[in-house]
Amino acid sequence: MSKKVTVIHWFRKGLRVHDNPALVKAVDEAINRKAYLRPIFMLDPGIIKWMTVGANRWRFLQETLADLDKNLRKLNTRLYVVRGNPKELFPQLFEKWNVELITFEHDIEPYAVKRDQILLKDAEKFNVEVMIEYSHTIFNPELVIKKNKGSAPMTYQKFLSVASELKVPPPVDNPNKVPKSCEPELDDTEKKCKDCYDVPTLKEMGVNKEELSKTSKFPGGETEALRRMYDKMKQTDYICSFEKPNTSPNSLEPSTTVLSPYLKFGALSARLFYQEIKQAYKGRKHSQPPVSLEGQVIWREFYYCVASVTANFDQMKGNRICAQIPWAHNQSYLDAWKHGATGYPFIDAIMRQLKQEGWIHHLGRHAVACFLTRGDLWINWEEGQKVFEEYLLDADWALNAGNWMWLSASAFFHQYFRVYSPVAFGKKTDPQGLYIKKYVPELKNYPAGVIYEPWKVSLENQKKYGCIIGKDYPHRIVDHDVVMKENLAKMKAAYAKKNSDTSQSEKRKAESPIASSSKKKNSVDKYFKKK
DNA sequence: GGAGCAGTTGGTGCA
DNA sequence: CTGCACCAACTGCTC
């Protein structure tokens with residue numbers, strides 16, 4: 001067996017060439033070992049079935065892969081997109097390509113952890129070396145948790161103080177150019193299908209073109225990510241004075257950086273972004289976490305860290321940090337919310353922007369999330385999580401679940417009596433309602449004074465403005481002032497129940513710690529924590 | 001162990 | 001327009 005060996009770099013997230021330590025390792029090792037290099041991405045047809053990914057995000061991924069391939073070609077290699085799932089494909093590839101080493105970036109998401117465990121077993125079986133790098137977040141969650149005596153910091157401030165004691169890993173240099181000798185010789189079957197490793201088309205991804213926005217407002221890819229970031233970085237005053245709560249959820253163009261979709265896919269390195277922010281701060285007065293731009297990056301770190309060690313982080317049941325709240329089913333409310341037909345123009349405008357463009361401002365997310373859950377519709381946050389998962393370009397598992405728990409006052413945030421008004425909140429930053437007019441054009445002739453509350457307009461004036469409520473635009477599905485008060489009482493009851501349950505289970509534990517500790521992992525954790 | 005404090009971004013009404 | 005008390009009262013962390 002004298003066949004030349006292969007080094008694989010497996011792209012999953014981290015869809016970039018810059019600051020990609022696992023890719024650098026693969027390139028260096030391929031050169032050192034005089035091996036072939038194959039940077040691969042796996043397109044798993046199975047994933048299309050169980051993951052809800054809307055058309056806009058499929059396109060974003062497609063653009064990201066195409067750009068990645070382009071950037072790899074500048075290094076004299078390319079992206080090999082292989083079709084299939086890792087479980088079945090890797091054993092085949094290991095043999096077919098005579099693989100000696102595989103490198104990839106660590107991922108904390110539960111499905112990824114499971115997937116990677118299978119790979120590790122296969123790698124062992126086929127005697128393939130594995131190198132894993134932590135580069136999706138600035139701080140390796142495992143190191144933060146170790147520093148915090150074995151558990152994840154549960155508040156942002158705690159996370160900040162723990163992280164401040166850790167070294168911030170700087171971005172690594174781009175990989176070397178790949179020598180000709182590392183270019184794999186194609187076998188006969190590969191030669192026959194010239195495009196079998198090409199970046200998939202939208203058609204192959206099963207994207208319904210009708211669901212796509214006309215142009216991609218935020219095109220995918222590392223090149224665009226870097227362009228966008230450096231463009232923002234030039235605006236030093238903006239970077240230094242950035243305070244999230246003071247940015248507007250309903251400006252006609254985004255008031256924040258919209259780098260989140262790029263960070264989600266790893267087309268932009270969080271470590272590079274962080275370094276650039278610090279560079280912009282140098283010698284200047286600047287805002288501070290949690291509201292500063294630096295603070296926004298740390299929020300991402302925080303949620304990744306907690307999510308990495310919390311079982312069932314994306315659901316209410318079996319999630320030890322999540323308040324158990326008796327949410328109700330209501331399909332018609334949920335549909336109205338999802339499709340921007342609640343009858344509250346501010347809420348509907350945000351949901352329509354989400355569906356059309358794949359991005360909404362963080363505070364817009366707050367307004368609609370509060371409305372869906374504890375504020376108005378009393379629907380489980382998991383339902384909202386699913387809709388965001390489908391529509392958001394930046395839908396990121398840990399952040400999505402974490403923020404939904406925050407807004408529904410299920411975890412992290414507990415002042416459930418602070419409720420966003422679907423009428424008043426938007427008025428602060430857009431009294432004229434221009435944002436509503438853009439995304440809910442039915443109401444474009446409604447004057448500023450009533451556009452947030454069109455149900456208050458007389459039928460005569462509704463006719464005059466060319467939009468009759470209940471016909472051209474829906475009646476509001478709930479009366480906020482009424483349901484908000486009812487929901488407050490329900491939240492109070494749910495919290496009270498939580499506390500009485502906790503004290504009861506603690507009593508039980510005191511009586512019989514062994515019996516209860518064998519029952520549930522949940523109580524095991526608590527028992528050991530007390531000690 | 002318990003009191004006191006702080007918590008990315010609420011709304012309302014009044015001075 | 002801005003600042004402030006009030007609404008009723010949560011949790012996690014600190015000392």
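A note on names: the letters A, B, ... follow the listed sequences, proteins ahead of strands, and every chain is numbered from 1. Computed from a prediction, not measured in an experiment: that's the story for all the values here.
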Quick one: [atom1] on [X] to [atom2] on [Y], what's the gap to the nearest 0.5 Å?
{"X": "Trp359(A)", "Y": "Gln353(A)", "atom1": "CH2", "atom2": "CD", "answer": "6.5 Å"}
{"X": "Leu226(A)", "Y": "Asp231(A)", "atom1": "CG", "atom2": "CG", "answer": "12.0 Å"}
{"X": "Phe425(A)", "Y": "Asp430(A)", "atom1": "CZ", "atom2": "CG", "answer": "12.0 Å"}

Closest nucleotide among [options] to the [X] side chain:
{"X": "Thr155(A)", "options": "dC10(C), dC13(C), dT8(B)", "answer": "dC13(C)"}
{"X": "Tyr156(A)", "options": "dT14(C), dC10(C), dT8(B)", "answer": "dT8(B)"}
{"X": "Gln296(A)", "options": "dT9(B), dT8(B), dT14(C)", "answer": "dT8(B)"}
{"X": "Ala424(A)", "options": "dG7(B), dT9(B), dG11(B)", "answer": "dG11(B)"}
{"X": "Phe425(A)", "options": "dC10(C), dG10(B), dC13(C)", "answer": "dG10(B)"}
{"X": "Pro290(A)", "options": "dT8(B), dG7(B), dG11(B)", "answer": "dT8(B)"}

[atom1] of [X] versus [atom2] of [N]: gap in Å, rounded?
{"X": "Lys490(A)", "N": "dA9(C)", "atom1": "NZ", "atom2": "C1'", "result": "20 Å"}
{"X": "Trp299(A)", "N": "dT8(B)", "atom1": "CH2", "atom2": "P", "result": "5 Å"}
{"X": "Tyr420(A)", "N": "dG11(B)", "atom1": "OH", "atom2": "P", "result": "7 Å"}
{"X": "Met491(A)", "N": "dG10(B)", "atom1": "CE", "atom2": "C1'", "result": "15 Å"}
{"X": "Asn250(A)", "N": "dT9(B)", "atom1": "CG", "atom2": "P", "result": "18 Å"}
{"X": "Asp481(A)", "N": "dG13(B)", "atom1": "CG", "atom2": "P", "result": "10 Å"}
{"X": "Phe417(A)", "N": "dA8(C)", "atom1": "CZ", "atom2": "P", "result": "11 Å"}
{"X": "Gln415(A)", "N": "dT11(C)", "atom1": "CD", "atom2": "P", "result": "11 Å"}

Does a nitrogen or oxygen in the side chain of [X] sit under 4.0 Å from OP1 or OP2 of [N]?
{"X": "Gln288(A)", "N": "dT8(B)", "value": "no"}
{"X": "Lys492(A)", "N": "dA8(C)", "value": "no"}
{"X": "Arg418(A)", "N": "dC10(C)", "value": "no"}

Using heavy atoms and a sub-4.0 Å distance, could you list which residues of residues 343-357 of chain A are near DNA chain B? By number, please.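 The stretch gives none, as no residue of it lies under 4.0 Å from the strand.
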Pairing string of DNA chain B (Watson-Crick or G-U wobble, both atom distances under 3.5 Å; | = paired to other strand) is .||||||..||||||
With rounding to the closest Å, how many angstrom separate the [atom1] atoms on [N] and [M]?
{"N": "dG1(B)", "M": "dC15(C)", "atom1": "C1'", "value": "11 Å"}
{"N": "dG11(B)", "M": "dT11(C)", "atom1": "P", "value": "22 Å"}
{"N": "dC5(B)", "M": "dA9(C)", "atom1": "C1'", "value": "14 Å"}

So, [X] and [Y], do they make that salt bridge, N to O below 4.0 Å?
{"X": "Arg352(A)", "Y": "Glu442(A)", "answer": "yes"}
{"X": "Arg227(A)", "Y": "Glu224(A)", "answer": "yes"}
{"X": "Glu105(A)", "Y": "Arg12(A)", "answer": "no"}

Which part of the nucleic acid does Val291(A) contact within heavy-atom distance under 4.0 Å: base, sugar-phosphate only, or nothing? base
Which part of the nucleic acid, if any, lies within contact of Lys428(A), taking any heavy atom under 4.0 Å across all strands shown: a base, the sugar-phosphate backbone alone, or nothing? sugar-phosphate
Excluding sequence neighbours, so at least two apart, what forms side-chain contact (heavy atoms from CB on, under 4.5 Å) with Leu252(A)? Leu434(A), Tyr435(A), Lys438(A)
Looking at side-chain heavy atoms only, is the closest gap between Glu382(A) and Asp314(A) below 4.5 Å?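 No. Closest side-chain heavy atoms not under 4.5 Å.
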Compare all side-chain heavy atoms of Glu211(A) with those of Arg59(A) and state whether any distance is below 4.5 angstrom. no
Is the number of heavy atoms from other residues, nucleotides or ligands under 6.0 Å of Lys492(A) NZ greater than 12? no
Once you measure the plane-to-plane angle for Tyr281(A) and His286(A), does it fall in the parallel (<30°), tilted (30-60°) or perpendicular (>60°) bin? parallel
